[in-house]
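FYI, side chains are in, hydrogens and waters are out, and symmetry mates aren't considered; it's all heavy atoms of this structure. Note that ligands are numbered from 1 as they come in the structure, with each ligand's atoms numbered from 1 the same way.
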Amino acid sequence: MSDRMLPATSDRRLRVGIIGIGWAGRQHLAAYHELPNVEIAAIAGMETGPLAALGTQYGVSALFQKWEDLIEAADLDAVSIAVPTYLHAPIAIAALERGLHVLTEKPLARNGVEGQRMVDAARDAGRVLDVVFNHRLRGDIQVLGDIIRQGEIGRPYYAKASWMRRRGIPAGGGWFANQDMSGGGPLVDIGVHVLDYSLFVLGEPRVTSVTAVTYGELGRRGIGRTTPPAGGDSPAVFEVEDFAAAFLRLSTGATLVLETSWAAFRDPVDLIDFSVLGTDGGAELKAVGATDTPVADLVVYRDLDGEAADYKPEAEQGTNHAGVVDNFVRVLRTPEEWEDYDGSLALERARVIDACYQSAAQNKEVVLA
Ligand SMILES: NC(=O)c1ccc[n+]([C@@H]2O[C@H](COP(=O)([O-])OP(=O)(O)OC[C@H]3O[C@@H](n4cnc5c(N)ncnc54)[C@H](O)[C@@H]3O)[C@@H](O)[C@H]2O)c1
């Protein structure tokens with residue numbers, strides 16, 4: 001158990017450790033670095049050269065190659081976990097058991113069983129377990145959520161959302177395409193973002209049943225890579241799906257249809273989108289270029305006195321990882337909110353993704369409890 005005194009009130013400097021120095025870990029580093037009264041006290045990553053460079057860049061001398069050493073040695077309040085997905089649960093549980101707060105990258109874990117253990121560990125420790133769902137912090141998604149909450153389109157009854165890539169197998173495959181390390185392909189990787197922002201925009205209805213399909217037609221043939229697989233040009237292990245689609249029934253009576261791909265013969269420009277039909281209007285959000293398009297095209301369809309009164313709401317660029325990290329630190333300084341941040345929303349997402357994989361494997365609808 002960490003001997004650092006908590007709660008971490010606003011006048012005490014928080015000491016955080018970052019585990020993982022790939023793309024995601026670097027977003028965490030940059031975000032903490034901007035915050036007052038927060039010290040990046042330790043960094044872990046297996047790439048020695050980049051690790052040393054990041055130590056210099058952020059003035060951090062406690063550098064570790066193994067996450068176990070970081071958790072053991074550094075006197076921390078919290079850790080950020082930005083490593084391959086199979087390590088999220090063991091690292092989070094070890095950190096929580098030492099009394100550290102945890103911010104982990106999405107997905108929470110490879111599956112709901114691992115996720116449940118993480119949530120249990122957070123509850124037992126009385127510590128925060130938060131998960132990076134940065135896409136719901138897109139400015140356009142926030143605006144759309146506000147519009148729906150304010151009732152402008154009436155009751156939403158049908159929504160469609162996707163994140164589609166033509167050639168977007170991450171890191172050319174690597175651990176992302178290894179079933180045991182990742183838990184799955186685009187569905188658990190980027191589909192979990194689409195699921196999260198869709199349910200957020202729709203007001204957090206419960207998913208009551210799922211019918212899904214997955215296909216692995218292209219990735220295993222080397223189609224859809226932008227970079228060669230780590231370890232050379234030899235054909236990478238590709239064990240996961242490269243496309244998934246799901247039909248979700250929601251507790252409100254609404255339906256949500258999801259699609260996601262890492263590799264697909266489609267428009268070469270990536271796409272993130274969401275469209276919804278409601279009883280008094282509809283809306284469409286389209287980020288052509290996906291994450292390269294910081295503000296999507298957004299249209300609201302409505303009638304006024306029987307005439308079309310469609311409009312394009314303005315949206316700001318979202319706050320992304322900076323917003324997630326900022327909120328995590330705010331919560332650490334607000335102990336009365338800790339209970340609300342036990343990872344259970346991310347666990348719900350994990351259970352829906354599990355149900356999708358189960359539905360696809362068994363070729364049938366799966367009802368969620
Ligand atoms: N929220 C987002 O937008 C977003 C985007 C990309 C990735 N991610 C998530 O972030 C996580 C990492 O993805 P990435 O693309 O940065 O991966 P990556 O492969 O680029 O980096 C993984 C890092 O983990 C480190 N690592 C692996 N095993 C370790 C160990 N035993 N001890 C210490 N460090 C270890 C590696 O050294 C590396 O620095 C994944 O869960 C992924 O889903 C989230």
Side-chain angles (χ1 to χ4, degrees), residues 17-31 42-55 62-74 79-92 94-95 102-111 114-115 118 130-138 141 163 165 168-178 181-197 226-227 229-231 236 240 260 262 270 272 287 290-292 294 318-325 328 346 349-350 353:
I18 284 82
I19 305 174
I21 54 171
W23 185 87
R26 287 162 193 259
Q27 309 309 305
H28 290 244
L29 282 165
I43 311 175
M46 300 196 307
E47 301 79 8
T48 46
L51 180 64
L54 288 167
L63 305 175
F64 303 92
Q65 284 194 269
K66 291 173 70 178
W67 64 266
E68 292 93 334
D69 295 337
L70 177 142
I71 286 181
E72 188 69 33
V79 287
S80 260
I81 301 175
V83 294
T85 306
Y86 74 102
L87 290 170
H88 292 189
I91 299 177
V102 170
L103 174 62
T104 187
E105 268 301 337
K106 53 45 68 175
L108 173 63
R110 289 177 297 186
N111 54 54
E114 283 186 340
M118 296 163 79
D130 198 7
V131 180
V132 178
F133 283 124
N134 44 316
H135 286 269
R136 66 159 61 193
L137 296 188
R138 287 185 66 100
I141 294 280
W163 186 339
R165 294 177 179 167
I169 297 173
W175 68 263
F176 281 96
N178 176 311
M181 290 179 149
S182 62
L187 180 58
V188 71
D189 177 38
I190 50 178
V192 75
H193 279 306
V194 182
L195 176 66
D196 179 68
Y197 72 64
T226 46
T227 49
V240 296
T260 182
W262 278 348
D270 294 355
I272 289 177
T291 47
D292 294 337
T319 53
N320 226 320
H321 275 78
V324 173
V325 167
F328 176 63
R349 305 293 190 249
I353 300 287

| field | Heavy-atom side-chain contact between Arg138 and Tyr197 under 4.5 Å | value | no
| said: With a 4.0 Å cut-off on heavy atoms, is His88 in contact with ligand 1? | reply: yes
| Nearest non-hydrogen protein atom, atom 26 (N) of ligand 1 | Val83 CG1, 3.9 Å
| task | Could you check if a side-chain atom of Thr260 sits within less than 4.5 angstrom of a side-chain atom of Arg165, using non-hydrogen atoms only? | result | no
| Distance filter under 4.0 Å to Thr85 heavy atoms, resulting ligand 1 atoms | 41 (O)
| message | Test side chain to side chain donor-acceptor pair (under 3.5 Å) on His88 and Glu114; report intermediate values, then the result. | response | CA-CA 9 Å; His88 292 189; Glu114 283 186 340; over 6 Å; no
| task | Just go through Ala24, Pro84, Ala44, Gly20 and tell me whose heavy atom is the nearest to atom 22 (C) of ligand 1. | result | Pro84
| Whether Trp175 lies under 4.0 Å from ligand 1, heavy atom | yes
| query | Can you name the nearest heavy-atom pair linking Gly45 to Ile21, along with the distance? | reply | CA-CG1, 4.0 Å
Scan the side chains in residues 64-71 for donor-acceptor partners under 3.5 Å anywhere in the protein, sequence neighbours excluded, and list what turns up.
{"from": "Gln65", "atom 1": "NE2", "to": "Met46", "atom 2": "O", "distance (Å)": "3.1"}

| Among all protein non-hydrogen atoms, which one is nearest to atom 35 (C) of ligand 1, and what is the separation to 0.1 Å? | Met46 CG, 3.7 Å
| field | Centroid separation Trp23 to His321 less than 6.0 Å | value | yes
| Closest protein heavy atom (residue, atom, distance) for atom 31 (N) of ligand 1 | Trp67 CD1, 3.5 Å
| said: Are Ile19 and Ser80 packed together at the side-chain level, in the sense that at least one heavy-atom pair is separated by less than 4.5 angstrom? | reply: no
| query | Which protein non-hydrogen atom lies closest to atom 5 (C) of ligand 1, naming both residue and atom, and how far is it? | reply | Trp23 CZ3, 3.3 Å
| query | Can you find a pair of side-chain heavy atoms, one from Lys106 and one from Val188, that are under 4.5 Å apart? | reply | no
| query | Applying a 4.0 Å heavy-atom criterion (strictly less than), which segment of Tyr86 is in contact with ligand 1: side chain, backbone, both, or neither? | reply | neither
| remark: the protein heavy atom lying closest to atom 21 (O) of ligand 1 turns out to be Gly22 CA, 3.5 Å
| Sub-4.0 Å heavy-atom contact, Gln65 with ligand 1 | yes
| Any nitrogen or oxygen of Pro107, main chain or side chain, under 3.5 Å from a nitrogen or oxygen of ligand 1? | no
| said: I'd like the name of whichever of Ala82, Gly45, Pro50 reaches closest to atom 23 (C) of ligand 1 through any heavy atom. | reply: Ala82
| field | Identity and separation of the nearest protein heavy atom to atom 38 (C) of ligand 1 | value | Glu47 OE2, 3.3 Å
| request: Between Asn134 and ligand 1, find which residue part has any heavy-atom pair under 4.0 Å and reply side chain, backbone, both or neither. | output: side chain
| field | side chain to side chain donor-acceptor pair (under 3.5 Å) partners for Arg26, two or more places apart | value | none
| task | Using distance alone, determine whether His135 and ligand 1 share an N or O pair under 3.5 Å. | result | no
| field | Check: Leu87 and Ile81 side chains under 4.5 Å, non-hydrogen atoms | value | no
| query | Out of Lys106, Met181, Glu105, whose heavy atom sits nearest atom 43 (O) of ligand 1? | reply | Lys106
| said: Within the structure provided, determine whether Thr85 and Pro107 are in side-chain contact (heavy-atom separation under 4.5 Å). | reply: yes
| So which heavy atom in the protein is nearest atom 28 (N) of ligand 1, and how far is it from that ligand atom? | Leu87 CD1, 3.4 Å
| query | Can you find a pair of side-chain heavy atoms, one from Val192 and one from Phe133, that are under 4.5 Å apart? | reply | yes
| note | If we number the atoms of ligand 1 from 1 as shown, the ones under 4.0 Å from a heavy atom of His321 are 1 (N), 2 (C), 3 (O)
| Mind checking whether Ser182 and Trp175 have side chains closer than 4.5 Å, heavy atoms only? | yes
| Is ligand 1 less than 4.0 angstrom away from at least one heavy atom of His193? | yes
| field | Any Phe176 heavy atom less than 4.0 Å to ligand 1 | value | yes
